[in-house]
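Read through the structure below, which is laid out as structure tokens, and then see the notes.
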Amino acid sequence: EDGDSVDCYLITNDKLTSGSILECEPIGLLLQYEGGEIDHKVLAALPGQDVKLTQELFQELQRFILKIFGDDPVKVGPLLPRKAALAYLEKSRIEQELGHDDSK
């Protein structure tokens, strides 16, 4: 909705190299509010990795995000299922193809 690319957190225990381009699969959608505005984050996993959307994962993501943002106003949650991530990606794809943003 902010006109930028879709944000994604890749959930894995694998060691990755910064800047790598990887195929991944959406597993969920995290709602994140930055400065009072919603900023969706697609959660993804590497193909074949079984990542569950648990309360423990949510808490770990929340700690990570709050640490990254420091004193900036940010709220994390809720965590939505894969179906929500797929719908968000489809909506974003359509908006990109149409070349506009309905939220403005």
Side-chain angles (χ1 to χ4, degrees):
E1 285 113 14
D2 59 9
D4 291 338
S5 300
V6 172
D7 294 335
C8 177
Y9 291 131
L10 178 60
I11 312 299
T12 185
N13 288 322
D14 290 2
K15 294 202 183 275
L16 304 174
T17 304
S18 180
S20 297
I21 297 174
L22 302 167
E23 183 177 330
C24 57
E25 301 172 347
I27 60 169
L29 185 68
L30 179 67
L31 302 188
Q32 183 172 314
Y33 301 85
E34 299 171 17
E37 294 185 15
I38 194 163
D39 192 11
H40 295 84
K41 308 295 183 190
V42 172
L43 303 180
L46 296 172
Q49 291 189 351
D50 185 28
V51 179
K52 303 285 187 218
L53 299 179
T54 64
Q55 184 64 25
E56 182 181 48
L57 174 61
F58 173 73
Q59 290 171 344
E60 187 174 345
L61 283 167
Q62 189 173 43
R63 282 190 298 272
F64 168 76
I65 292 165
L66 293 176
K67 182 178 178 181
I68 296 296
F69 279 83
D71 293 332
D72 292 341
V74 63
K75 179 183 172 202
V76 181
L79 187 60
L80 303 175
R82 182 175 190 270
K83 182 178 177 180
L86 292 172
Y88 177 70
L89 289 168
E90 180 64 12
K91 178 180 178 275
S92 297
R93 183 189 64 76
I94 290 169
E95 287 176 357
Q96 191 265 340
E97 286 179 0
L98 294 175
H100 66 49
D101 180 0
D102 290 335
S103 68
K104 294 181 181 176

Would you say that [X] contacts [Y] through its side chain, given a criterion of any heavy-atom pair below 4.5 Å between the two side chains?
{"X": "Leu31", "Y": "His40", "result": "yes"}
{"X": "Asp50", "Y": "Lys52", "result": "yes"}
{"X": "Cys8", "Y": "Lys41", "result": "no"}
{"X": "Tyr33", "Y": "Val76", "result": "no"}
{"X": "Gln32", "Y": "Phe69", "result": "yes"}
{"X": "Leu29", "Y": "Leu86", "result": "no"}

State plainly whether one hydrophobic cluster holds both [X] and [Y], where clusters connect Ile, Leu, Val, Met, Phe, Trp and Tyr through side-chain heavy atoms under 4.5 angstrom apart.
{"X": "Leu43", "Y": "Val74", "answer": "yes"}
{"X": "Val42", "Y": "Leu46", "answer": "no"}
{"X": "Leu61", "Y": "Leu10", "answer": "no"}
{"X": "Leu16", "Y": "Phe64", "answer": "no"}

Practice problem: Count the heavy atoms belonging to other residues, nucleotides or ligands that lie under 6.0 Å from CD of Gln59, then report whether that count exceeds 12. | Solution: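 Yes, because the 6.0 Å sphere around CD of Gln59 holds more than 12 heavy atoms from other groups.
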Quiz item: Do other residues, nucleotides or ligands put more than 12 heavy atoms under 6.0 Å from the CG atom of Asp14?
Solution: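 For Asp14, atom CG is crowded (more than 12 foreign heavy atoms under 6.0 Å).
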Quiz item: If you measure from the Lys or Arg side-chain nitrogens to the Asp or Glu carboxylate oxygens, is any gap between Arg93 and Glu90 under 4.0 Å?
Solution: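 Salt bridge: yes.
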Quiz item: Okay, side chain of Ser92, backbone of Tyr88: is any donor-acceptor separation there less than 3.5 Å?
Solution: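 Flag set: sc Ser92 to bb Tyr88 pair under 3.5 Å.
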Please find the pair of heavy atoms, one from [X] and one from [Y], that lie closest to each other, and give the distance.
{"X": "Ile27", "Y": "Ala45", "answer": "CG2-CB, 3.9 Å"}
{"X": "Pro47", "Y": "Glu23", "answer": "CD-O, 3.2 Å"}
{"X": "Gly28", "Y": "Leu53", "answer": "CA-CD1, 3.8 Å"}

Quiz item: Can you tell me how far CD of Glu34 sits from NZ of Lys75, rounded to the nearest 0.5 angstrom?
Solution: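 If we round to the nearest 0.5 Å, Lys75:NZ and Glu34:CD are 13.5 Å apart.
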Quiz item: What's the spacing between Gln55 CD and Gln62 CD if we round to 0.5 Å?
Solution: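 Between Gln55 CD and Gln62 CD, I get 8.5 Å after rounding to 0.5 Å.
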Quiz item: What residue among Leu79, Asp39, Asp7, Leu57 forms side chain to side chain contact (heavy atoms under 4.5 Å, CB included) with Leu30?
Solution: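 Considering Leu79, Asp39, Asp7, Leu57, a side chain to side chain contact (heavy atoms under 4.5 Å, CB included) with Leu30 is found only for Leu79.
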